[in-house]
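One structure below.
None of these values were measured; they are calculated from a predicted model. One is the number of the first residue; the rest follow in order along the sequence.
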Amino acid sequence: MRRIFCVGRNYAKHAKEFGNDERGPPFFFTKPADAIVASGAALTYPGLTQDLNHEAELAVAIGTGGRDIIAKDAASHIFGFACSNDLTRRDLQAVAKSQRRPWDMSKIFDESAVINAIIPGQSISPDAAIRCRVDGRLRQNAKLET
């Protein structure tokens, strides 16, 4: 895996929780491939934060690259899907936002990109859901909207 592109404000409900307009366009940020840790691994609580947050996400693994791909052809470039978890040091993010600085220190740290096994396939079941458990307790449960 060479690159991890993440999409911010891609869930309307979560955008509203943070006081953002849910109709605003999403934006992108990256994480290094060495931030990946396997789902189910015991994580080390990261330094520099008192407010570590998790966000269950859908990961899309790209199998075939390209450029200027038209929407109707996008699915043919997908290798598969996985559930993932984007960890964020929210207190560091709040400081960066208030100073109008990049969020890198809040989003990019060891073990900040948890991912389970990628399931090959170019489509997802209409009944698919993303769930996040922390210490065995269900914290997030959302049906995918297609």
Is the backbone N or O of Phe29 less than 3.5 Å from a side-chain atom of Lys107, with the two atoms forming a donor-acceptor pair by type? no

Heavy atoms only: give me the nearest Leu87-Leu43 pair and the separation to one decimal. CD1-CD1, 3.8 Å

Taking all non-hydrogen atoms of both residues into account, name the closest pair between His54 and Cys132 and its distance. ND1-SG, 3.7 Å

side-chain hydrogen bond (donor to acceptor under 3.5 Å, both in side chains) evaluation trace for Asn53 with Thr88: CA-CA 5 Å; Asn53 282 196; Thr88 303; over 6 Å; no

To the nearest 0.5 Å, what is the distance between CZ (Arg90) and NZ (Lys97)? 6.5 Å

Crowding at CD, Gln99 (>12 non-hydrogen neighbours, <6.0 Å): yes

With a 6.0 Å cut-off (strictly less than), is the heavy-atom count around NZ of Lys72, excluding the residue itself, greater than 12? no

Exercise: identify the closest heavy-atom pair between Ala129 and Asn141: CB-OD1, 4.3 Å

One should read off an interatomic distance between Ser76 OG and Ile69 CD1, to the nearest 0.5 angstrom, of 7.0 Å

For Phe109, is there any backbone N or O sitting under 3.5 Å from a side-chain donor or acceptor partner on Lys31? no

Smallest separation among heavy atoms of Ile118 and Pro120, with atom names: O-CD, 3.4 Å

How many angstroms lie between atom NE2 of His77 and atom CD1 of Ile62, to the nearest 0.5 angstrom? 8.5 Å

Determine, using the 4.5 Å side-chain heavy-atom cutoff (strictly less than), whether Leu52 and Leu92 are members of one ILVMFWY cluster. no

Knowing that exactly one of Val114, Ile115, Asn116 qualifies, which makes a side-chain contact (heavy atoms from CB on, under 4.5 Å) with Cys83? Asn116

Atom CG of Asp86 and atom CD1 of Ile4: how far apart are they, to the nearest 0.5 Å? 10.0 Å

Find out whether Glu111 and Thr44 are in side-chain contact, i.e. whether some heavy atom of one side chain is under 4.5 Å from a heavy atom of the other. yes

Parallel, tilted or perpendicular, judged at 30° and 60°: which one describes the rings of Phe27 and Trp103? perpendicular

If hydrophobic clusters are built by linking Ile, Leu, Val, Met, Phe, Trp and Tyr wherever their side-chain heavy atoms come under 4.5 Å apart, do Ile78 and Leu58 end up in the same one? yes

Closest heavy-atom pair and its distance - Ala33, Arg2: CB-O, 4.3 Å

Reported CG-to-CZ distance for the pair Asp51 and Arg89, which is rounded to 0.5 angstrom: 12.0 Å

As an exercise, state the distance from OG1 of Thr30 to CD1 of Ile108, rounded to the nearest 0.5 Å. 5.0 Å

